[in-house]
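Model, not experiment: these values are computed from the prediction. We use all heavy atoms of the structure for the numbers below, so side chains are in, but hydrogens, waters and symmetry mates are not. One-based numbering along the sequence shown.
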Amino acid sequence: MSKINIEKMQFYAYHGCFKEEQVVGTKFEISITVDVDTTTPSKTDALEDALNYQELYWVVKAEMEINSKLIEHVGQRIADKVMKTFPQVQALSLKLSKLNPPLGGQIEKVSIELSETRN
């Protein structure tokens, strides 16, 4: 089993509980790690035998474009969609960060981390 990491994907999105956040938006950062068996693609050197990183990125991007109030909701949607779209993914972990959250002070980011495992 191997771990594939796509690190620090950045998106501008409209997630938040405050009306201003859903109008003005803010920057988000996502890193995702997926556990997959890379035995076959490591021997064949063929993309069709591997997890396509670009397709994984597009799944994350599509979910980021759907407005939500809570980053917990966005993160779980991404995890669910990745597990559904890529049956070769045995487990995943992701970190979703909201940069410069409007909490009344100077804060770099707030983040959630979650993990999923295929049953």
If only side-chain N and O atoms count, and only distance matters, is there a donor-acceptor pair under 3.5 Å linking Asp49 with Thr40? no
Could you tell me whether Gln54 atom CD has more than 12 heavy atoms of other residues or ligands within 6.0 Å of it? no
So how far is it from Ile30 CD1 to Lys61 NZ, rounded to the nearest 0.5 Å? 11.5 Å
Determine, using the 4.5 Å side-chain heavy-atom cutoff (strictly less than), whether Leu47 and Leu51 are members of one ILVMFWY cluster. no
Do you know the tightest heavy-atom contact between Lys8 and Ser31? N-OG, 2.9 Å
Any Glu55 side-chain heavy atom under 4.5 Å of Thr85 side chain: no
So which atom in Ile78 and which in Glu63 form the shortest heavy-atom distance, rounded to 0.1 Å? CG1-CB, 3.5 Å
Within the distance-only criterion (no hydrogens, no angle test), does the side chain of Ser68 pair as donor or acceptor with the backbone N or O of Leu70 below 3.5 angstrom? no
Show your working on side-chain contact (heavy atoms from CB on, under 4.5 Å) between Gln90 and Thr117 and close with a plain yes or no. CA-CA 6 Å; Gln90 295 303 305; Thr117 303; over 6 Å; no
If you apply the rule side-chain contact (heavy atoms from CB on, under 4.5 Å), what do you find for Val36 with Phe86, and how did you get there? CA-CA 10 Å; Val36 296; Phe86 302 100; over 6 Å; no
Evaluate Thr26 against Val24 for side-chain contact (heavy atoms from CB on, under 4.5 Å), listing each step before the verdict. CA-CA 7 Å; Thr26 193; Val24 176; over 6 Å; no
Which side-chain N or O atoms in residues 91-100 pair as donor and acceptor under 3.5 Å with protein atoms at least two apart or in another chain?
unit_1, atom_1, unit_2, atom_2, d
Ser97, OG, Ser111, OG, 2.6
Lys98, NZ, His15, O, 3.1
Lys98, NZ, Glu21, OE2, 2.3

Kindly determine whether Leu56 and Asn52 satisfy side-chain contact (heavy atoms from CB on, under 4.5 Å), including the steps that lead there. CA-CA 6 Å; Leu56 178 56; Asn52 186 317; over 6 Å; no
Within a 6.0 Å radius of atom CZ on Phe18, are there more than 12 heavy atoms belonging to other residues, nucleotides or ligands? no
Measure centre to centre between the rings of Tyr14 and Phe28, then say whether the value is under 6.0 Å. no
First locate atom NZ of Lys3, then atom OG1 of Thr33, and finally report the distance between them rounded to the nearest 0.5 Å. 7.0 Å
Can you name the nearest heavy-atom pair linking Arg77 to Ile66, along with the distance? NH2-O, 3.1 Å
Same apolar cluster (I L V M F W Y, side chains within < 4.5 Å links), Val110/Met9: yes
Would a distance-only check, ignoring hydrogens and angles, find a side-chain to backbone donor-acceptor pair under 3.5 Å from Asn5 to Glu7? no
Can you tell me if Glu116 uses its side chain to pair, donor with acceptor, with the backbone of Met83 under 3.5 Å? no
